[in-house]
Amino acid sequence: MNYMPGTASLIQDIDKKHLGLLRDGRTLIGYLRSIDQFANLVLHQTVERIHVGKKYGDIPRGIFVVRGENVVLLGEIDLEKERDTPLQQVSIEEILEEQRVEQQAKQESEKLKVQALKERGLSVPRADTLDEY
């Protein structure tokens, strides 16, 4: 097989099912329909998969266009192994509630951490004042 540099190597993966991890933390699963020299992607029959503990839920998103700079990871899904997951699929409502509870717990933990550091005379920069990069 000949090696093709850059995104050209993904041309052989067109019309195959892929999982993409985005810079904002979202996980998308869909069929790769198009890609360009900037790694911009078009995914078809896309679902956004949310994981919380040993559970996951899929939110249907349809056709999804992803700007290449937002793609952290892209990989083909082995359809035979996809069904053999140890995770439990739950409804959209249930996974969103689980995610909300998990985020609340993280926020409370972060508040306690900041409070403990303040008591010791240390300060932590707020996340909204930090650069993204």
Side-chain angles (χ1 to χ4, degrees):
M1 179 163 69
N2 294 333
Y3 173 75
M4 295 191 309
T7 57
S9 63
L10 288 172
I11 291 185
Q12 63 194 12
D13 289 341
I14 298 287
D15 294 333
K16 294 181 181 174
K17 196 169 189 179
H18 282 73
L19 178 141
L21 181 63
L22 304 185
R23 199 166 67 175
D24 64 2
R26 288 186 289 173
T27 301
L28 300 176
I29 297 175
Y31 291 91
L32 183 65
R33 296 297 187 211
S34 181
I35 188 160
D36 65 10
Q37 70 270 26
F38 304 109
N40 297 321
L41 309 174
V42 176
L43 296 173
H44 183 246
Q45 295 179 354
T46 307
V47 294
E48 180 179 348
R49 181 160 289 177
I50 299 174
H51 296 91
V52 179
K54 294 276 187 185
K55 297 179 182 177
Y56 75 93
D58 290 339
I59 302 172
R61 297 293 188 198
I63 295 177
F64 215 89
V65 178
V66 183
R67 187 176 170 107
E69 68 181 19
N70 292 319
V71 179
V72 175
L73 177 136
L74 181 71
E76 185 181 347
I77 294 177
D78 186 342
L79 298 175
E80 293 174 10
K81 292 183 180 178
E82 183 182 22
R83 293 183 265 298
D84 299 334
T85 179
L87 303 176
Q88 173 191 2
Q89 185 171 8
V90 296
S91 69
I92 296 170
E93 294 80 17
E94 187 176 341
I95 199 67
L96 290 175
E97 179 62 24
E98 296 259 349
Q99 185 182 44
R100 187 187 64 75
V101 168
E102 183 182 59
Q103 287 173 346
Q104 273 185 329
K106 281 183 183 178
Q107 287 175 347
E108 289 299 319
S109 172
E110 196 62 33
K111 283 181 187 177
L112 291 172
K113 194 183 305 182
V114 168
Q115 183 180 358
L117 289 171
K118 280 184 181 178
E119 290 171 359
R120 291 171 176 80
L122 302 170
S123 65
V124 177
R126 292 192 338 244
D128 60 349
T129 62
L130 298 175
D131 289 334
E132 276 191 340
Y133 304 106

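Across G20 and L74, no two heavy atoms sit closer than the pair CA-CD1, 4.1 Å. Here the closest non-hydrogen pair linking K16 and E76 is CD-OE2, 3.3 Å.
Considering D13, T46, L41 in turn, D13 is the only one that fulfils the side-chain contact (heavy atoms from CB on, under 4.5 Å) rule with H18.
Taking 4.5 Å as the limit, some side-chain heavy atom of V52 sits within range of a side-chain heavy atom of I95. Residues R33 and D15 meet the side-chain proximity criterion, which asks for heavy atoms closer than 4.5 Å. The shortest distance between side-chain heavy atoms of I59 and L96 falls below 4.5 Å. For the pair L19/L73, a side-chain contact is recorded, criterion being any heavy-atom separation below 4.5 Å from C-beta on.
How far OG1 of T27 is from CG of L22: 7.5 Å, rounded to the nearest 0.5 Å. Rounding to the nearest 0.5 Å gives a distance of 10.5 Å between CZ of R120 and CD of Q115. The structure places CG of L43 at 10.0 Å from CD1 of I63, a figure rounded to the nearest 0.5 Å.
Taking the salt bridge (Lys or Arg N to Asp or Glu O under 4.0 Å) definition, one finds that E97 meets it with R100, sequence neighbours left out. In terms of the salt bridge (Lys or Arg N to Asp or Glu O under 4.0 Å) criterion, D84 has no residue partners (sequence neighbours excluded).
Residue I14 is not grouped with residue I77 when hydrophobic side chains (ILVMFWY) are merged at heavy-atom distances under 4.5 angstrom, including chains of intermediate members.
In this structure, K113 places its NZ atom where only 12 or fewer heavy-atom neighbours from other residues, nucleotides or ligands lie under 6.0 Å away. For CD of Q104, the number of neighbouring non-hydrogen atoms (other residues, nucleotides, ligands) closer than 6.0 Å is greater than 12.
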